There are 2 protein chains.
Amino acid sequence: MNKEDKIYEAALSLFTTKGFHGTPTSAIAKTAGVANGTLFHYFKTKEELINSLYIKLKNELVVESVDGVEKIDSLKLKLEFLWSKSIHWTMTNPKKMFFIQQYMYSPYITSSTQEEVDKIKEVYVDLIKNGISKGEIKDVPIDLIYIIASQQLFGMTQYLVMNPEKYHDSEFMNTAFNLFYDIIKKV
Amino acid sequence: MNKEDKIYEAALSLFTTKGFHGTPTSAIAKTAGVANGTLFHYFKTKEELINSLYIKLKNELVVESVDGVEKIDSLKLKLEFLWSKSIHWTMTNPKKMFFIQQYMYSPYITSSTQEEVDKIKEVYVDLIKNGISKGEIKDVPIDLIYIIASQQLFGMTQYLVMNPEKYHDSEFMNTAFNLFYDIIKKV
DNA sequence: ACTTTTGTAGAGTGATTAGTCAATCTGACA
DNA sequence: TGTCAGATTGACTAATCACTCTACAAAAGT
């Protein structure tokens, strides 16, 4: 693994366990197995590091979840696909999701980072718009649907991380998806 | 206002805007209008301050939301009461809710604080248990319902803080509550 | 082969910070 | 009035930290 990725990995692990202020850049460098100066070669400041990491992870989640969704026709199945892929990503990378949740609204994340990340979510917003116009999704403000759906997904992943055996209980997972789908589907 | 409360107020404001590491205790003291030493008279460490503040706010939210709910009979109305009171608290104290969301899963919050806060949520858990046994709430694990319901509430408050005019649109608020209730009610 | 760019190292530094401490103040109670 | 516990102050300190700087190594370009 190259040094940049090692730094990302070390930062992810330390930020989630000790917090931003609780992890000196020196500790990140040490954990990553690189010199102090190397860290600052790749990232101008500590803040740039956390922002880059955030963008990287958000991208990773979306890219991996979306891959293959275009082959599916029905909206419900599309949603189920995205939902379960997102959850799968979380279950294989719990730290990463934890990081996202922890820093999503933190003051270390700059507004320009937030803007960049907002672009990524377009995929989902388009899907929702489409669903609304076809009358399959409730006609409420898109922002609201989006926030609520993602919060709901976060809640579910939190539960699954705490109760991992449920993840392999397909009956449970089915109920779980419906818990998600019921909010947004038009009755 | 006494000095302890002034410190709480200053800490709330600074922590949410600058983050935990971004606010020196000296800044908290200065904003609160007290001497540096006074802060450490009331709170042994900076960490104790953030933990006390967290507990204080969580308590405030629950106490203010729950007040009066016992007079209501129907489960749905009880939930609507709690839901709208929680939202009302958030709309009148957006900073406080923001603080809670920001630090809920942060490493500065110790596990003993988390335990203390968990006790507070018993009121809600009892309500859910009751609803399940009466067949009014979906029969899924309580922890799951609780997490999902609270995440959903958080999502709604986020939306309302960003779109405050909707808070006074009673038709919207009705739809919004149903968005909440639909997840948990048995069909 | 030579030059330029990029990567890597780690000691060093100036600034900042959490927490201490000794001193003074306040007010309650005898 | 005198005593005492708690409140308040702010200067001080020991430690820490983000970031710089200089030097060298490796690659890439020409």
Side-chain angles (χ1 to χ4, degrees), chain A residues 1-57 99 102-103 105-114, chain B residues 1-57 99 102-103 105-114:
Chain A
M1 202 191 296
N2 66 35
K3 311 228 167 188
E4 195 180 353
D5 284 342
K6 276 187 185 166
I7 292 169
Y8 274 132
E9 196 181 52
L12 170 64
S13 166
L14 289 167
F15 283 154
T16 46
T17 51
K18 313 261 189 187
F20 184 65
H21 105 285
T23 66
T25 50
S26 58
I28 301 174
K30 201 178 170 188
T31 305
V34 304
N36 231 300
T38 305
L39 190 152
F40 287 94
H41 172 72
Y42 288 103
F43 307 95
K44 270 203 285 295
T45 63
K46 193 184 180 184
E47 238 191 302
E48 191 187 301
L49 167 58
I50 202 176
N51 278 273
S52 300
L53 178 58
Y54 183 70
I55 291 173
K56 187 176 121 87
L57 295 182
F99 176 87
Q102 212 180 312
Y103 288 96
Y105 295 111
S106 98
Y108 314 124
I109 302 301
T110 65
S111 49
S112 87
T113 296
Q114 208 46 262
Chain B
M1 203 190 298
N2 67 34
K3 311 226 165 188
E4 196 180 351
D5 284 341
K6 276 186 183 166
I7 293 169
Y8 273 132
E9 196 181 51
L12 170 65
S13 167
L14 290 167
F15 283 153
T16 45
T17 50
K18 313 262 187 185
F20 184 65
H21 104 286
T23 66
T25 51
S26 59
I28 301 173
K30 200 177 171 189
T31 305
V34 303
N36 232 302
T38 306
L39 190 152
F40 288 96
H41 172 72
Y42 287 104
F43 307 95
K44 270 204 285 295
T45 64
K46 193 183 179 183
E47 238 191 303
E48 191 188 300
L49 167 57
I50 203 176
N51 278 273
S52 300
L53 178 58
Y54 183 71
I55 292 174
K56 186 176 121 85
L57 295 182
F99 176 87
Q102 210 180 314
Y103 288 97
Y105 295 110
S106 99
Y108 313 125
I109 301 301
T110 65
S111 49
S112 87
T113 295
Q114 209 46 262

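Numbers restart at 1 for each chain; the letters A, B, ... are given by sequence-line order, proteins then strands. These numbers were taken from a predicted model, which means no experiment stands behind them. Worth knowing before you read on, the calculation uses all heavy atoms, side chains too, and leaves out hydrogens, waters and symmetry mates.
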Would you mind writing out the side-chain donor-acceptor pairs for residues 48-57 of chain A within the sub-3.5 Å range, not counting sequence neighbours?
{"from": "N51(A)", "atom 1": "OD1", "to": "T110(A)", "atom 2": "N", "distance (Å)": "3.0"}
{"from": "N51(A)", "atom 1": "OD1", "to": "T110(A)", "atom 2": "OG1", "distance (Å)": "3.4"}
{"from": "N51(A)", "atom 1": "OD1", "to": "T113(A)", "atom 2": "OG1", "distance (Å)": "2.5"}
{"from": "N51(A)", "atom 1": "ND2", "to": "E47(A)", "atom 2": "O", "distance (Å)": "2.8"}
{"from": "N51(A)", "atom 1": "ND2", "to": "Y108(A)", "atom 2": "O", "distance (Å)": "2.9"}
{"from": "S52(A)", "atom 1": "OG", "to": "E48(A)", "atom 2": "O", "distance (Å)": "2.9"}

Open item on the list: For the NZ atom of K30(A) and the OG1 atom of T23(A), what is their distance to the nearest 0.5 Å?
Closed with: 14.0 Å
Open item on the list: By nearest atom, which of the nucleotides dT9(D), dA11(C), dA9(C) is closest to the N36(A) side chain?
Closed with: dA11(C)
Task: Nearest listed nucleotide, side chain of P24(B), among dT17(C), dT9(D), dA18(D) - done: dT17(C)
Task: N/O donor-acceptor pair under 3.5 Å between T16(B) side chain and L12(B) backbone - done: yes
Open item on the list: Within the supplied structure, the quantity of interest is the number of heavy atoms (other residues, nucleotides, ligands) at a distance under 6.0 Å from E4(A) CD; does it exceed 12?
Closed with: yes
Open item on the list: At less than 4.0 Å, is any side-chain N or O atom of T38(B) found next to OP1 or OP2 of dA7(D)? Yes or no.
Closed with: no
Open item on the list: Please identify which of these residues, F43(B), F99(B), Y42(B), meets the ring-ring contact (aromatic ring centres under 6.0 Å, His included) condition with Y8(B).
Closed with: F43(B)
Task: Members of residues 39-51 of chain A that approach DNA chain C, where some heavy atom sits under 4.0 Å away - done: H41(A), Y42(A)
- [ ] Kindly say if T25(A) contacts the phosphate of dA18(D), meaning a side-chain N or O under 4.0 Å from OP1 or OP2.
- [x] yes
Task: Contact residues, residues 1-22 of chain A to DNA chain D [heavy atom, < 4.0 Å] - done: none
Task: Heavy-atom closest contact (P107(A) atom, K18(B) atom, distance) - done: CG-C, 3.7 Å
Task: Nearest-0.5 Å distance, CZ of residue F15(A) to NZ of residue K46(A) - done: 5.5 Å
TODO: Measure across M1(B) and E9(B) and return the closest heavy-atom pair with its distance rounded to 0.1 Å.
DONE: CE-OE2, 3.7 Å
